[in-house]
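For reference, the structure is listed below as structure tokens.
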Amino acid sequence: MPLSESLLTGLFVVVVVFAVLVILLALIKVFTGVIAVIGGRKRDDSAADSRGRG
Amino acid sequence: MIQESLLKLIETSGFTALTWQSGVMIALACVLAYLAIAKKFEPLLLLPIAFGMLLANLPMADLMAAPPDESTNGGMLYYLYLGVKKGIYPSLIFLGVGAMTDFGPLIANPASLLLGAAAQLGIACAFIVATSLGFNAQEAASIGIIGGADGPTAIWLTTALAPHLLAPIAVAAYSYMALIPLIQPPIMRLLTTQKERSIKMEQLRPVSQAEKICFPIMITVLVVLFLPSVAPLVGLLMLGNLLRESGVVDRLSDTAQNSLMNIVVIFLGVTVGATAVGATFLKPETLGIIALGLLAFMFSTIGGTLLGKLMCFLTHGKINPLIGSAGVSAVPMAARVSQIEGQRANPGNYLLMHAMGPNVAGVIGSAVAAGILKALFG
């Protein structure tokens with residue numbers, strides 16, 4: 001394999017690994033945000049309940 | 001009559017078939033066994049590998065011999081080796097690794113994924129150097145994956161791309177993983193300042209069980225959609241983790257991380273060791289593979305540490321760059337090295353949980369890199 005081709009392949013591997021993990025990073029951020037919102041709502045509901053019960 | 005019987009016994013014994021290559025390999029197996037037992041270098045795998053190597057190099061035993069025809073049996077290790085050949089054992093080990101791993105630090109600090117990606121730099125560097133040394137693309141990819149510092153992944157990819165190099169690559173990968181506490185610290189110290197190494201990081205946020213349960217499912221769907229070829233590794237890694245985090249199948253989780261894992265480690269170690277036969281192992285290219293493996297490990301450490309430095313700069317000193325080197329997989333050894341180096345610089349520094357994020361990200365990163373290489377050259 002010529003050097004230029006192997007350099008490109010090496011670079012390609014690094015870039016694709018980064019791209020896949022950056023996409024995962026973004027999706028984890030979204031997903032944890034959604035879970036936090038759902039969890040936050042639940043906490044708000046329970047807080048409202050407890051206030052309601054006085 | 002007695003003389004004839006004695007002569008026949010001697011002729012059919014292994015002694016007559018001993019060669020210098022088998023002698024060297026038996027000695028090498030004994031050295032590896034010594035390192036595993038006396039020096040405790042990755043003993044769980046190095047000891048079975050050493051004994052497999054010993055068994056395969058005892059002439060006339062033919063433990064790895066393929067059956068000559070359908071009516072005759074092959075050697076016992078030949079059948080066990082099918083689990084390696086078909087990529088079953090590495091995936092089952094990933095099941096156990098998933099069941100043993102807490103992805104909480106990664107979920108709490110998803111930016112760790114970037115460090116896990118940067119620490120795959122050694123794969124690319126070793127690939128480039130290997131091709132320039134005359135290895136073909138498949139062989140270079142298999143050598144490069146040593147830089148992922150992940151034994152099962154290295155075995156999985158090498159079996160698919162360059163099975164004739166399996167023994168030296170497995171031995172190099174596991175030997176260097178055992179040597180991480182010696183390889184990484186000088187590079188980490190060279191690339192960071194005392195001030196950077198002393199940085200104390202804020203405690204990670206608690207991660208809910210819902211997040212931990214959804215995480216493996218989400219990662220499986222996404223990674224396998226991106227790279228279908230890596231489904232056996234990532235799929236079983238995440239299944240193991242789901243067994244652990246679901247909290248409803250403790251027996252399965254326990255089996256995956258203990259009994260099953262131990263059984264597979266024995267089969268994998270012995271059969272991988274048994275592929276190291278003198279005639280194929282004792283070649284100049286083996287030394288090249290061992291040198292390139294070290295290069296791959298060093299560059300992976302450099303990649304992770306340098307990105308750690310960059311993240312330290314961008315966050316105005318909130319991230320200790322030492323956690324970057326943990327992006328090479330080798331769970332949890334690489335994270336422990338970050339912890340030790342952090343405490344050496346500042347005794348009040350506790351980096352272990354912070355380093356576990358990049359560490360488990362490295363497992364995902366090296367599996368992704370292996371999937372890309374398999375897709376390119378498989």
Side-chain angles (χ1 to χ4, degrees), chain A, chain B residues 103 106-121 123-132 134-137 140-141 144-145 148 205 207-208 210-215 218-219 221-223 226-227 230 303 307 361-362 364-373 375-377:
Chain A
M1 183 184 260
L3 184 63
S4 57
E5 202 178 320
S6 72
L7 275 171
L8 272 178
T9 310
L11 189 66
F12 176 77
V13 171
V14 172
V15 169
V16 175
V17 170
F18 257 102
V20 171
L21 294 193
V22 165
I23 292 168
L24 284 182
L25 163 63
L27 290 167
I28 290 171
K29 287 264 187 193
V30 171
F31 146 78
T32 49
V34 170
I35 297 261
V37 169
I38 294 167
R41 273 188 199 145
K42 273 187 184 164
R43 273 198 296 277
D44 289 348
D45 292 348
S46 60
D49 284 350
S50 63
R51 277 198 301 274
R53 284 186 200 108
Chain B
F103 281 98
L106 177 61
I107 302 170
N109 182 16
S112 303
L113 278 165
L114 299 177
L115 296 168
Q120 309 309 317
L121 178 69
I123 297 175
C125 293
F127 173 84
I128 293 164
V129 179
T131 51
S132 64
F135 289 98
N136 66 35
I145 202 70
R205 71 170 177 86
V207 175
S208 67
E211 287 174 278
K212 287 186 175 180
I213 289 173
C214 294
F215 180 80
M218 189 184 76
I219 293 287
V221 172
L222 292 172
V223 175
F226 276 124
L227 291 161
V230 86
L307 189 69
I364 299 172
S366 58
V368 168
I372 295 165
L373 291 169
L376 286 175
F377 303 116

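Letters A, B, ... mirror the listed sequences (proteins, then strands); counts begin at 1.
- Between Phe31(A) atom CZ and Glu211(B) atom CD the span is 5.5 Å, to the nearest 0.5 Å.
- In terms of heavy atoms, Ala369(B) sits closest to Val13(A) at CB-CG1, 4.5 Å.
- The shortest distance between side-chain heavy atoms of Leu113(B) and Ile28(A) falls below 4.5 Å.
- The side-chain heavy atoms of Ile128(B) and Leu3(A), taken from C-beta on, include a pair separated by under 4.5 Å.
- For the atom pair CD1 (Ile35(A)) and SG (Cys214(B)), the distance works out to 4.0 Å, reported to the nearest 0.5 Å.
- Of all heavy-atom pairs between Gly10(A) and Ala124(B), the closest is O-CB, 3.4 Å.
- For the set Ala118(B), Ala140(B), Ala137(B), Cys125(B), the entry with the most heavy-atom pairs within less than 4.5 Å of chain A is Ala118(B).
- One distance of note links CG of Leu24(A) with CG of Leu222(B); it measures 6.0 Å at 0.5 Å rounding.
- Using a 4.5 Å cut-off between heavy atoms, Val14(A) touches chain B through its side chain atoms alone.
- Neither the backbone nor the side chain of Leu106(B) comes within less than 4.5 Å of any heavy atom of chain A.
- In this structure, chain A has no heavy atom under 4.5 Å from any part of Leu115(B).
- For Ile23(A), the part lying under 4.5 angstrom from a heavy atom of chain B is the side chain only.
- For chain A, no part of Phe135(B) is nearby; none of its heavy atoms comes within less than 4.5 Å.
- Residues Phe226(B) and Val16(A) form no side-chain contact, since every pair of their non-hydrogen atoms from C-beta on lies 4.5 Å or further apart.
- For chain A, no part of Ser112(B) is nearby; none of its heavy atoms comes within less than 4.5 Å.
- Side-chain contact check for Leu21(A) versus Leu114(B): every heavy-atom pair is 4.5 Å or farther apart.
- Within the 4.5 Å cutoff, the side chain of Thr131(B) has no heavy atoms near those of the Thr9(A) side chain.
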